[in-house]
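All remarks here apply to the structure that follows.
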Amino acid sequence: MITGQTLDALKSALGPKGWSTDPEDMAAHTRDWRGRWQGETPILLKPASTAETAEAVRICAEAGTAITPQGGNTGLVGGSIPQGEVLISMARMKQVREVDTANDSLTVEAGCILETVQTLAAENDRLFPLSLGSQGSATIGGLISTNAGGVHVLRYGMMRDLVLGIEAVLPDGRIWNGLRGLRKDNSGYDLKQIFIGAEGTLGIVTAATLKLFPRPSEMTVAFAGIPSPSAAVELLGIAKAASGGTLSALEIIPRNALDLVLRHIPGSRDPLAASHPWYVLLEIGAGRMGEGRAAMEAALETGLERGLVEDAVIAESEAQAQALWQLREPIAEAEKAHGKAAKHDVSIPVSKIAAFIADGTRVAERMLDSAEVIAFGHVGDGNVHFNVMQKAEGAGEDFVAACRPVTEAIYDLVQTYGGSIAAEHGVGTLKSGDLARHRPLEVEMMKSIKSALDPRGIMNPRVLIPNG
């Protein structure tokens, strides 16, 4: 519960533009885009600066009032949907504080949209490599808090690898300025890392200094039909060798996922003449014109010779490359159009991906007759989106509920394969119980860290750590 006195203090601290209790205004912030979580909040706070954020947190801390921080609200595990807590949206904090091309870094506030950061980097002849389907609305603060991945982890790493420094408001309202553009800093614990992937449970990220990279002179994209996931894994090794380490993405797509995209995404077109059971999308970014194309042709030629590739097409223009990516990026949107599904964002050692997909599919289809598996994702880094949907269109929450035993069996299988039940989407409220079941000691250690920084437990309770 929040008292009238606390509400008045928050309104006074943030001014008329910094808060809202209008149900229509709050509606977009209290429901996730999949429509799975419906939340509520007594007030939506919209600070415009780090100082305002700190003052709002200080007021809540003194009153013992719980807080849910929110970025672009593109999360998939319920981590930014309030259930009665004060909601703090970082959407107004979108200033670019510094671009330092000599240091290959830029500093932006937490509300900056990922696509804006990508464009800003390009305008300065640099690359910010994080790329994912929600980049037009996902914010830097949210991406840091969930340690987002995307399609280029193979070459550039997760968000954790792309952050040089952060600024954060601690649970008591103090401001920690760790905005250091350093690649070497051996002065004790790397404190920024405890906030990256913490999903707002240890404080609120308000700004970040991000790594930039040289822009590739040439981006070569190809789409190939393949016989199996094991062929994708073998082709990965071939493409990495042929490209000299400049392979930036290798995505696997099953035929049923491609069919959903062709059916539900306007403008999509099958680029190959015949149907294939599986597909891969490859991208190589080269420093010199012609090198990427030559490496791609060499990789595909070797794949054809070894029976790993059945047919392939290489994009001849940027428009064609974007069209090929449009067969991969909107898979989640196409699934949503088909109906609700049980989503499993898991990570498996690359060498075991094919066996896991085969075993997981057998488990799911044996346990639920109406189930059909769509397994797609990032072969290069071992991240498989192992989703269980209903064969018939129009599945609702009852189907998701019926899949709960299937989910538990899949997560048990993930553990058998030495994997993780949370690869790039985070834990949120969706997986907090599963995490505690599979990694009890690690959850206990996280609880200790949270108790030290947030002794009153006001920061994003229920998220990541059960009863956290």
Side-chain angles (χ1 to χ4, degrees), residues 1-57 59-60 63 65-95 109-116 133-143 145-146 169 199-200 204-206 330 332-333 336-337 339-340 394 396-397 400 425-426 428-430 458-463:
M1 298 293 293
I2 184 170
T3 67
Q5 183 179 4
T6 301
L7 277 174
D8 289 343
L10 289 169
K11 293 175 182 178
S12 175
L14 271 66
K17 293 183 179 180
W19 62 274
S20 176
T21 55
D22 177 29
E24 186 174 337
D25 189 18
M26 294 192 294
H29 296 271
T30 55
R31 187 172 180 82
D32 73 301
W33 78 275
R34 279 180 175 167
R36 184 166 189 180
W37 287 277
Q38 177 62 59
E40 59 179 344
T41 181
I43 188 169
L44 168 63
L45 302 182
K46 300 181 283 186
S49 68
T50 300
E52 287 187 2
T53 305
E55 182 62 11
V57 172
I59 292 168
C60 289
T65 299
I67 298 167
T68 294
Q70 187 179 91
N73 196 21
T74 61
L76 303 177
V77 290
S80 63
I81 304 298
Q83 297 296 337
E85 301 87 7
V86 166
L87 180 60
I88 300 185
S89 168
M90 307 307 291
R92 291 179 68 202
M93 289 191 60
K94 54 182 67 175
Q95 295 298 312
E109 292 182 339
C112 273
I113 302 296
L114 173 56
E115 201 166 66
T116 301
S134 61
Q135 61 197 32
S137 50
T139 62
I140 293 301
L143 294 165
S145 295
T146 56
V169 173
E199 302 188 38
I204 301 178
V205 174
T206 52
E333 182 182 346
K336 181 181 178 182
K340 293 188 180 296
E397 285 296 335
V400 177
H425 294 161
T429 58
L430 178 65
I458 69 167
M459 294 304 306
N460 227 10
R462 302 172 295 98
V463 171

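Within the model, atoms CD1 of Ile43 and CG of Leu87 stand 10.0 Å from one another, a figure rounded to the nearest 0.5 Å. Once rounded to the nearest 0.5 Å, the distance linking CG of Asn460 with CD of Glu199 reads 8.0 Å. Rounded to the nearest 0.5 angstrom, Thr74 OG1 and Trp33 CH2 are separated by 9.5 Å.
No hydrogens or angles considered: a donor-acceptor pair under 3.5 Å links the side chains of Thr6 and Thr3.
When all heavy atoms of Gly35 and Lys340 are compared, the closest pair comes out as O-NZ, 3.8 Å. Smallest separation of non-hydrogen atoms from Val86 and Thr65: CG2-CG2, 3.6 Å. When every heavy atom of Leu14 is checked against every heavy atom of Ala56, the shortest pair comes out as CD1-CB, 3.9 Å. When all heavy atoms are compared, the tightest approach of Glu115 to Gly136 is OE1-CA, 4.0 Å. Pairing each heavy atom of Thr53 with each of Met93, the nearest pair is OG1-SD, 3.6 Å.
Under the 4.5 Å side-chain criterion, counting only non-hydrogen atoms from C-beta, Ile2 is in contact with Leu10. In this structure the side chain of Arg31 never reaches within 4.5 angstrom of the side chain of Ile81, judged on heavy atoms. Looking only at side-chain heavy atoms (C-beta outward), Ile113 and Thr139 come within less than 4.5 Å of each other. The shortest distance between side-chain heavy atoms of His29 and Thr41 does not fall below 4.5 Å. Put simply, the side chain of Arg36 does not reach to within 4.5 Å of the side chain of Leu76, judged on heavy atoms. For the pair Pro69/Met459, a side-chain contact is recorded, criterion being any heavy-atom separation below 4.5 Å from C-beta on.
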